[in-house]
Amino acid sequence: QLQLVESGGGLVQPGGSLRLSCAASGFSLDYYAIGWFRQAPGKEREGVSCISSRDGSTYYADSGKGRFTISIDNAKNTVYLQMNSLKPEDTAVYYCAADWGSWIVQAMCVSIRDYDYWGQGTQVTVSS
């Protein structure tokens, strides 16, 4: 079965950290662009960070610059999003997506479209 599975979400206090994982099964992430997106209640889905497995290029939305780090472990076929200094406004369902046709990671994050694979999402709640 070809799928992406997210994990690592949960409840964390403001200022805390979480590491989200996006594991691909049934296909290799080689030559894909992979992105993390989030959707808060009543808001549109937005790109958080994207990475290219072709050249390792990355993009971060302003909301996560300096706090979030995206990385890829090719051996584990998994992409990670390390989130530090979390804020209540980071509360959302976080999704990962993989797309063969996205050559420019900034475009993947900024102009969201129907990508090849989407995960089911993982809830992140930042609250005291």
Side-chain angles (χ1 to χ4, degrees):
Q1 188 174 5
L2 309 179
Q3 61 179 355
L4 296 173
V5 178
E6 302 100 334
S7 61
L11 173 64
V12 63
Q13 292 186 342
S17 298
L18 284 174
R19 188 178 79 157
L20 305 183
S21 299
C22 172
S25 63
F27 70 103
S28 170
L29 289 175
D30 290 350
Y31 303 108
Y32 277 82
I34 305 97
W36 283 99
F37 302 84
R38 68 186 184 186
Q39 188 164 20
K43 294 187 177 181
E44 292 187 353
R45 191 170 296 190
E46 63 177 358
V48 176
S49 183
C50 295
I51 186 168
S52 169
S53 64
R54 295 184 180 98
D55 60 10
S57 57
T58 59
Y59 170 83
Y60 295 92
D62 289 343
S63 59
K65 281 181 181 177
R67 300 187 300 127
F68 296 173
T69 303
I70 192 170
S71 61
I72 184 168
D73 185 331
N74 291 306
K76 294 183 178 180
N77 213 25
T78 299
V79 173
Y80 302 98
L81 184 69
Q82 177 68 43
M83 304 188 295
N84 300 327
S85 302
L86 283 162
K87 306 174 182 180
E89 51 264 43
D90 294 319
T91 296
V93 177
Y94 284 70
Y95 301 88
C96 66
D99 194 58
W100 178 269
S102 290
W103 288 83
I104 302 173
V105 290
Q106 179 174 347
M108 182 182 187
C109 262
V110 173
S111 302
I112 301 172
R113 54 185 178 84
D114 188 17
Y115 298 127
D116 295 335
Y117 302 100
W118 283 92
Q120 82 289 349
T122 185
Q123 176 71 46
V124 171
T125 303
V126 185
S127 175
S128 55

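Values reported hereafter were calculated over all heavy atoms of this structure, with side chains retained and with hydrogens, waters and symmetry mates removed.
Looking only at distances, a side-chain donor or acceptor of T91 sits under 3.5 Å from a matching main-chain atom of V126. Side-chain atoms of Y115 come within 3.5 Å of backbone N or O of M108 as a donor-acceptor pair. No donor-acceptor pair closer than 3.5 Å links the side chain of E6 to the backbone N or O of C22.
More than 12 heavy atoms of other residues, nucleotides or ligands sit less than 6.0 Å from atom CG of D55. Heavy atoms of other residues, nucleotides or ligands lying less than 6.0 angstrom from CD of E89 number more than 12.
Of all heavy-atom pairs between G47 and A61, the closest is O-CB, 3.4 Å. Summarising the geometry of S102 relative to A33, their closest heavy-atom pair is O-CB, 3.3 Å, with the distance given to 0.1 Å. Taking each heavy atom of P14 and S128 in turn, the nearest pair found is CD-N, 3.7 Å. The shortest heavy-atom contact between C50 and G35 is SG-CA, 3.6 Å. Closest heavy-atom contact between G101 and D116: N-OD2, 4.4 Å.
Tracing side-chain contacts under 4.5 Å through hydrophobic residues (I, L, V, M, F, W, Y), one reaches L18 starting from I34; they form part of the same cluster. When the side chains of ILVMFWY residues are joined at heavy-atom separations under 4.5 Å, either directly or via intervening members, Y31 and I104 end up in two distinct hydrophobic clusters. Follow the hydrophobic side-chain contacts under 4.5 Å out from Y117 and you reach I51 in the same cluster. In the hydrophobic clustering of ILVMFWY residues, with side-chain heavy atoms under 4.5 Å counting as a link, L81 and V79 come out together. Under the 4.5 Å side-chain contact rule for hydrophobic residues, Y60 and V110 do not share a cluster.
Taking CG from L29 and OG from S52, the interatomic distance works out to 11.0 Å, rounded to the nearest 0.5 Å. Annotation: the span from D90 atom CG to T125 atom OG1 amounts to 11.0 Å, rounded to 0.5 Å. Atom OH of Y80 and atom SG of C96 lie 12.0 Å apart (nearest 0.5 Å). Here the OG-CG distance, from S53 to D73, works out to 12.5 Å after rounding to the nearest 0.5 Å. Rounded to the nearest 0.5 Å, atoms CZ (F27) and CD (Q3) are 9.0 Å apart. If you take CH2 on W36 and CD1 on I70, they are separated by 8.0 Å, rounding to the nearest 0.5 Å.
At least one side-chain heavy atom of L86 sits less than 4.5 Å from a side-chain heavy atom of F68. The shortest side-chain heavy-atom distance between V48 and C109 does not fall under the 4.5 Å cut-off. Put simply, the side chain of L20 reaches to within 4.5 Å of the side chain of V124, judged on heavy atoms. Inter-residue side-chain proximity for V12 and M83 is flagged as unmet; no heavy-atom pair is nearer than 4.5 Å.
Under the 30°/60° scheme for interplanar angles, the aromatic rings of Y95 and W118 are found to stand perpendicular. Aromatic ring pairs are classed by plane angle as parallel below 30°, tilted from 30° to 60° and perpendicular above 60°; the pair Y32 and W100 is perpendicular.
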Checklist line | Worked verdict on N74 versus D30 for side-chain contact (heavy atoms from CB on, under 4.5 Å) | finding: CA-CA 7 Å; N74 291 306; D30 290 350; 3.8 Å; yes
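In the model, N84 has a side-chain atom that pairs as donor or acceptor with a side-chain atom of S17 under 3.5 Å.
Ion pair K65/D62 flagged as a salt bridge, since at least one NZ, NE, NH1 or NH2 atom sits closer than 4.0 Å to an Asp/Glu carboxylate oxygen.
Exactly one of Q39, Q123, R38 qualifies for a side-chain hydrogen bond (donor to acceptor under 3.5 Å, both in side chains) with Y94. That residue is R38.
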